[in-house]
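The block underneath contains the structure these notes are about, expressed in structure tokens.
Side chains included, hydrogens not; waters and symmetry mates left out as well; all remaining heavy atoms used.
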Amino acid sequence: MVHVLGVALPDLQLARLALTNFYGIGHKTAQRLCARLQIHDRCKIRDLTAQQITELASFLASPSTVSPLRRMPLASPTFQPPPASTPIEMLRKRVAELSKPTGAEPLRNLKIEAEGRRVVRENIAHQRMIGSYVGKRHAMGLPVRGQNTQSNAKTAKKLNRVNRFG
Amino acid sequence: MLPLSSCCRHATRSLLAISDSNAICTGLPALRTQVRNYAKARPGVAKPSSHGFSKVQKKGKGGELEGTDQVAATKRKRYTAFLPMPVAQLTHPLFETDQRNGQLQLQNFHPEILTDAVTSQALAFPQNDKDPFRIFGLPRNLLVEYRILSKPCSVIRDVTIDVINKLDAASLEGSANHRLVVAGSPGCGKSVLLLQALQYSYMRDWIVLYFPRAINLVNSTTSYTYDPRTLTYTQPVFAYQTLERLLTVNGPRLEHLRTQASVEVERRGTVPAGTTLVDLVKVGTKEQALAPTVLAAVLSELGEQTTFPVLLAIDDFQAIYCKTKYRDPHYSRIQPYHLSMPRLLLEYASGLRRFARGAVVGALSSTDTTFKLPLELAEALGLPPTSSGPYAKRVPELQDYAKGLSRVSVPDALTVSEATELFDVWARDRAIPAVPNDELFLAKYSESGGNARDFIWKGLLSTLTL
């Protein structure tokens, strides 16, 4: 059982499914995260190395401040690799020179856990502040999106409020 | 004596684990470990099986037997709940699963006897500790089939003799001109042909490297990391497993070979020229991160030596020409030539790298629909493409990798003599639920149109006739 940012990830679960245990990460975001961290589809949490877990934790702690992703150079069919004794710094420098910058990254705007809940809370507070219909319905604890209230408004009556998520 | 249910549980577990176990098995297939005690057939009681009316009459003591029959009938009527018969009472030969091996007497597969005279005969594959099938694994459907049969065997066909002649020619020349791809309709016997070629070369003192499920290289089931030196995504765990299996199967032959040049390895300095290939392989098996470099080095050394021919056999050959399921950090799918293991196989398949003596043989497979025959490979082999049209894109790199492949076509239908032999094997193994007669054979042969897989699985094993 690995704990990342306060969320327990079960050892026997596939990594790309375990990441959905975070608030704000669904299946698509989880797959993108796994691709970003080079975690294959059938990797379980117990198969992750310590380095991968550290990378995951540091990425999720603040996705917006991570250094921008660059498109790494890939070998053409006739490429001959340099000998294995080449120092790693030289190789990394060469790769950095050959790499190209990328445009928008969907994971940069990722907001999970507390930040994600705050976004929802702020949106509802904004609606209330401007005095909109949506804000009023949240305040009354009734359905917001035009559902029936004559019957079946149980979830809205239970959960809708201005100060949602405490 | 183990109860029957736990025997079945152990059997299914070994069914799934055989291709993944690196440890050398005890030499006995799992199903042989049952030892059962059978009850003796009790005299004077008419058995519920097909002894029939006549035997009851033969007893002669009509009154007594009728009496016992009546008593038995009344006894049966008194039971309110079903009580299963104890296992030891199952005296019918159908239940004697530990004595099946005596039934199927087949000649052993041996390269010396493989001539035209042996076509349409079934030969049993040998089973020993370091058998290529046991160590490298088998395609999934063949694994299940060989578990059901008491001995793994196959029927020798004309196309087998063709391929064997080609392998004999390849043992003298290089793999540059001997890159074969086995193609044919689904279920016609491509994987089995590849197994026959593999077994033949192994017995002829070749060094063999077999990938039974090449789809596992490209379906995102093994770890991958970007390597700044080779500018590809390496697959260290798969490379490590390949090295282990290569060493287990070909150990004695690799002992005779020595490296011609020094081999540089990351962070571990240089392996000097003149080390045995076994020691070189062990450098890769000690540390997984070094396995891809060591595997490439071992294969290039094997390519230069001329003592032993080398066979590279790949099932699911089309999978290494399809876009992989791996994703790069930008979430786009990685091409197969940007992953270390498929790239290595593509280089040998295209002739960019070659064996001085040996061949590359691949078998197409249509089982997995997520990795279908790609357009570039279909055009190179002269097969009808699955997707075509004026706007269909072709990847130029894959077209280059597919140049020069020669096709070996497996006939769609078994000949009657081959089908007869196959029928005989399954009948002698008591696997057919119906009575194995000519009528059943001809019916199933016609229904399946001679297709081997349909003949066995949809015909003989699924028949409801009695």
Side-chain angles (χ1 to χ4, degrees), chain A residues 14-16 28-44 47-49 51-52 55 59 66-108, chain B residues 216 218-238 262-271 288-290 292-294 296-297 324-340 343 346-347 350 352 395-401 403:
Chain A
L14 290 177
R16 65 185 163 90
K28 289 207 169 165
T29 324
Q31 285 186 7
R32 277 192 176 266
L33 258 180
C34 286
R36 179 74 182 258
L37 301 165
Q38 287 173 28
I39 296 169
H40 59 275
D41 287 350
R42 301 296 305 172
C43 183
K44 296 201 174 164
D47 301 330
L48 290 175
T49 57
Q51 196 196 354
Q52 280 175 314
E55 267 182 48
F59 183 86
V66 168
S67 56
L69 199 58
R70 295 185 69 86
R71 212 165 266 285
M72 293 303 188
L74 289 168
S76 66
T78 47
F79 175 73
Q80 291 301 324
S85 54
T86 322
I88 189 86
E89 297 81 21
M90 214 166 97
L91 294 169
R92 283 193 186 137
K93 199 173 140 194
R94 195 165 130 266
V95 159
E97 281 162 22
L98 291 170
S99 63
K100 292 172 197 158
T102 40
E105 289 168 55
L107 288 177
R108 209 161 248 294
Chain B
N216 286 341
V218 295
N219 62 358
S220 190
T221 50
T222 179
S223 62
Y224 69 121
T225 39
Y226 180 76
D227 179 24
R229 184 177 74 89
T230 51
L231 303 185
T232 55
Y233 292 90
T234 57
Q235 293 167 294
V237 176
F238 206 100
S262 61
V263 173
E264 281 184 26
V265 167
E266 295 101 328
R267 299 189 306 275
R268 288 283 175 274
T270 316
V271 177
Q288 270 186 14
L290 305 176
T293 317
V294 170
T324 66
K325 280 195 184 158
Y326 285 100
R327 300 228 178 226
D328 66 7
H330 299 274
Y331 203 60
S332 45
R333 285 168 73 165
I334 301 178
Q335 291 287 0
Y337 45 89
H338 290 146
L339 275 167
S340 69
R343 188 185 175 96
L346 281 170
E347 285 176 347
S350 63
L352 273 175
V395 178
E397 287 93 344
L398 290 175
Q399 283 184 312
D400 290 335
Y401 278 122
K403 271 188 199 148

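Highest contact tally toward chain A, considering only B:Glu347, B:His338, B:Glu397, is held by B:His338 [criterion: heavy-atom pairs under 4.5 Å]. When the candidates B:Ile334, B:Val263, B:Thr232, B:Thr225 are compared by the number of heavy-atom contacts under 4.5 Å with chain A, B:Thr225 comes out ahead. Among A:Leu107, A:Leu33, A:Thr102, A:Thr86, the residue with the largest count of heavy-atom pairs under 4.5 Å with chain B is A:Thr102. Options B:Ser223, B:Ser350, B:Gly269 differ in how many heavy-atom pairs under 4.5 Å they form with chain A, and the most are formed by B:Ser223. Note: B:His330 leads B:Glu266, B:His330, B:Arg327, B:Arg268 in heavy-atom pairs under 4.5 Å with chain A.
Taking OG1 of B:Thr230 as the start and CZ of A:Phe79 as the end, the distance is 7.5 Å to the nearest 0.5 Å. Here the CG-NZ distance, from A:Asp41 to B:Lys325, works out to 7.5 Å after rounding to the nearest 0.5 Å.
Residues A:Arg71 and B:Ser332 approach most closely at NH1-OG, 4.3 Å, considering heavy atoms. The minimum heavy-atom distance linking A:Pro77 with B:Leu352 is given by the pair O-CD1, 4.1 Å. Scanning both residues, B:Arg229 and A:Pro83, for their nearest heavy atoms gives CD-O, 3.7 Å. For B:Leu231 against A:Arg94, the heavy-atom pair with the smallest separation is CD1-NH2, 4.2 Å. Scanning both residues, A:Leu69 and B:Pro329, for their nearest heavy atoms gives CD2-O, 3.5 Å. Closest of all the heavy-atom pairs between A:Pro73 and B:Tyr226 is O-OH, 2.6 Å.
Between A:Leu74 and B:Tyr337 the shortest side-chain heavy-atom distance does not fall below 4.5 Å.
Residue B:Tyr331 is tested with A:Gln31, A:Arg32, A:Lys28 for a side-chain hydrogen bond (donor to acceptor under 3.5 Å, both in side chains); the sole match is A:Gln31.
Within the 3.5 Å criterion, the main-chain N or O of B:Tyr224 finds no donor-acceptor partner in the side chain of A:His40.
By the neighbour-count criterion of 12 heavy atoms within 6.0 Å, atom CZ of A:Arg92 is sparsely surrounded, having that number or fewer from other residues, nucleotides or ligands. For CZ of B:Arg333, the number of neighbouring non-hydrogen atoms (other residues, nucleotides, ligands) closer than 6.0 Å is greater than 12.
Only the backbone of B:Thr222 has a heavy atom closer than 4.5 Å to any heavy atom of chain A. Only the side chain of B:Arg343 comes within less than 4.5 Å of a heavy atom of chain A; its backbone N, CA, C and O stay farther away. Heavy atoms of A:Ile39 lying under 4.5 Å from chain B belong exclusively to its backbone. The contact between B:Tyr326 and chain A is made entirely by side chain atoms (from C-beta outward), counting heavy-atom distances below 4.5 Å. Looking at A:Arg16, there are no atoms closer than 4.5 Å to chain B (heavy atoms on both sides), in backbone or side chain. Proximity to chain A is absent for every atom of B:Thr324, based on heavy atoms less than 4.5 angstrom apart.
Side-chain atoms of B:Glu264 and A:Ser85 include a donor-acceptor pair closer than 3.5 Å.
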